[in-house]
Amino acid sequence: MRDDFLIFGSPFIEQPEIDEVVDTLKSGWLGTGPKVAQFELLFKEYTGSKYALALNSCTAALHLSLLTLNLKSDDEVIVPTMTFSATANAVIHSGANPVFVDCEKRTSNIDPKDIRKKVTSKTKAIIPVHFAGRPCDMDEIMSIAKEYDLKVIEDCAHAIETEYKGNKAGTIGAFGCFSFYVTKNIVTGEGGMVITDNEAYADKIKILGLHGMTKDAWKRFGDEGYKHYQVVHAGYKYNMMDIQAAIGIHQLPRIEIYRKRRQQIWDTYNEAFQDLPVIIPEKNQKNTKHAYHLYTLLIDIDQINITRDQFLNEMTKRRIGVGVHYIALHLHPYYQKSYGYKRGDFPNSEWVSDRTVSLPLSAKLNDNDVQDVIDAVKDIIK
Ligand SMILES: *Cc1c(COP(=O)(O)O)cnc(C)c1O
């Protein structure tokens with residue numbers, strides 16, 4: 001048994017970001033400033049997008065992307081039910097209604113066939129989520145979007161490194177929204193980024209993210225002299241701080257090193273679990289790059305005498321942190337109460353919801369940690 005609890009999704013923080021945060025604190029410029037600008041530039045270069053705007057979360061990135069579309073109260077936005085609540089809540093906060101779609105059983109990604117069934121004359125946008133870092137079927141999604149004149153906002157919270165047929169995730173739709181929350185592939189504590197190639201969208205997001213004040217209002221206390229700003233929208237307080245960007249500018253250059261380590265752990269898990277009554281992740285689709293954000297096992301509850309929740313408890317007893325990604329949104333009370341969804345509506349997502357378990361997959365894990373996870377899984381599912 002381990003001495004310490006293996007925390008699920010614990011971030012890998014190294015000395016350069018610690019020094020940079022201290023430098024930020026000593027500089028006196030804690031809020032949005034030069035380090036945010038540097039992080040935006042690095043991210044823009046990394047993704048090859050024309051504009052990259054740092055915000056305080058991916059939720060904010062989704063919300064502001066949706067707000068640029070000027071949605072009305074009976075407009076609909078298609079989102080997978082197999083996602084984190086932020087994907088759907090951002091739609092609600094933009095004034096429109098989320099319309100849920102089922103996932104593919106083997107990838108947990110949004111099922112384009114079900115998107116087609118849910119498109120109506122009110123549909124304005126689709127938010128595909130690249131689940132666990134595996135790209136969605138973007139050719140099919142973009143072709144539906146083109147056919148019905150829908151905007152595509154990619155939820156890339158799991159998918160910073162993801163590529164689809166040579167294109168980086170987030171550059172295929174009109175917007176890509178990224179998260180640097182503590183459990184994500186690179187972190188800034190809390191933090192997010194939106195990328196787009198559209199100048200008008202980028203301008204609007206920049207303004208809405210900082211109180212609706214005219215562009216570059218953050219510079220008003222700088223050494224170029226005080227500049228008046230004008231408030232042109234009832235905006236939000238969604239800006240990223242330099243303290244956060246200080247972490248990001250050192251994490252981003254290491255992103256591929258971290259991904260390689262997670263891939264190694266992924267391969268080790270696959271090999272260790274292949275003969276157990278569990279379903280290991282589907283092989284990668286051809287001509288794609290997986291970001292290896294979540295390693296999800298599907299517990300074969302029809303074959304073994306243990307439920308997924310019992311499995312979670314047994315892992316925790318063995319001092320291994322686990323996650324569940326996700327209990328589908330339509331199974332949560334809020335969406336049932338507000339939109340009338342119920343169990344039975346999305347069979348594939350329910351099948352996954354009842355079986356899925358995420359195992360630790362951080363670049364911080366050492367080989368002993370990985371072996372402890374494997375031993376615990378095998379011990380429980382003998
Ligand atoms: C983490 C996550 C978000 C929200 O990211 P924040 O930066 O915490 O706002 C949105 N969508 C998905 C799929 C996520 O996993």
Side-chain angles (χ1 to χ4, degrees), residues 8-11 36 39-40 43 52-67 77-94 98 100-101 103-104 107-110 125-136 141 152-162 169-170 173 175-195 205 209 236-241 243-245 247-248 251-252 262 290-296 322-330 332 335 349 352-353 356 358 361-362:
F8 179 86
S10 181
V36 168
F39 188 40
E40 289 178 334
F43 205 79
L53 304 155
L55 299 166
N56 60 13
S57 70
C58 178
T59 307
L62 291 165
H63 185 202
L64 296 186
S65 299
L66 285 156
L67 286 179
V77 176
I78 287 179
V79 301
T81 185
M82 182 44 73
T83 184
F84 185 58
S85 54
T87 318
N89 292 349
V91 173
I92 298 168
H93 297 315
S94 76
F100 293 161
V101 163
C103 69
E104 301 166 341
T107 65
S108 287
N109 268 334
I110 192 165
I126 310 172
I127 311 184
V129 177
H130 303 296
F131 193 93
R134 180 194 305 277
C136 296
I141 291 169
V152 174
I153 300 170
E154 298 178 66
D155 182 336
C156 302
H158 303 176
I160 307 174
E161 307 94 320
T162 301
F175 306 89
C177 300
F178 296 83
S179 176
F180 313 115
Y181 176 65
V182 285
T183 59
K184 305 288 156 99
N185 288 354
I186 62 166
V187 308
T188 60
E190 298 284 358
M193 189 80 72
V194 54
I195 61 171
I205 288 172
Y236 297 82
K237 188 67 165 64
Y238 281 168
N239 55 305
M240 179 182 277
M241 302 167 75
I243 301 178
Q244 297 166 302
I247 308 171
Q251 292 252 313
L252 185 56
R262 292 195 308 276
H290 199 302
Y292 302 114
H293 173 56
L294 296 170
Y295 186 89
T296 55
V322 280
V324 172
H325 301 87
Y326 298 94
I327 305 293
L329 294 183
H330 75 282
H332 288 270
Y335 308 101
S349 300
V352 174
S353 296
T356 190
S358 301
L361 185 69
S362 161

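Indexing begins at 1, ligand by ligand and atom by atom, following the structure's order.
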Side chain N185, main chain I160, donor-acceptor under 3.5 Å: no

Among V152, N109, T107, D155, the one residue meeting side-chain contact (heavy atoms from CB on, under 4.5 Å) with C136: N109

Donor-acceptor contact present, side-chain S353 to main-chain A328, <3.5 Å: yes

Salt-bridge present (R134, E104; N to O < 4.0 Å): no

Flag, side chain of Q251 to backbone of V187, donor-acceptor distance under 3.5 Å: yes

Check each N or O atom of ligand 1 against all protein N or O atoms and list the pairs under 3.5 Å, with atom names and distances to 0.1 Å, one per line.
unit_1: ligand 1; atom_1: 5 (O); unit_2: S179; atom_2: OG; d: 3.3
unit_1: ligand 1; atom_1: 7 (O); unit_2: C58; atom_2: N; d: 2.9
unit_1: ligand 1; atom_1: 7 (O); unit_2: S179; atom_2: OG; d: 2.7
unit_1: ligand 1; atom_1: 9 (O); unit_2: C58; atom_2: N; d: 3.3
unit_1: ligand 1; atom_1: 9 (O); unit_2: T59; atom_2: N; d: 2.9
unit_1: ligand 1; atom_1: 9 (O); unit_2: T59; atom_2: OG1; d: 2.5
unit_1: ligand 1; atom_1: 11 (N); unit_2: D155; atom_2: OD1; d: 3.3
unit_1: ligand 1; atom_1: 11 (N); unit_2: D155; atom_2: OD2; d: 2.8
unit_1: ligand 1; atom_1: 15 (O); unit_2: H158; atom_2: NE2; d: 2.8
unit_1: ligand 1; atom_1: 15 (O); unit_2: K184; atom_2: NZ; d: 3.0
unit_1: ligand 1; atom_1: 15 (O); unit_2: Y326; atom_2: OH; d: 3.0

Flag, side chain of T162 to backbone of A169, donor-acceptor distance under 3.5 Å: no

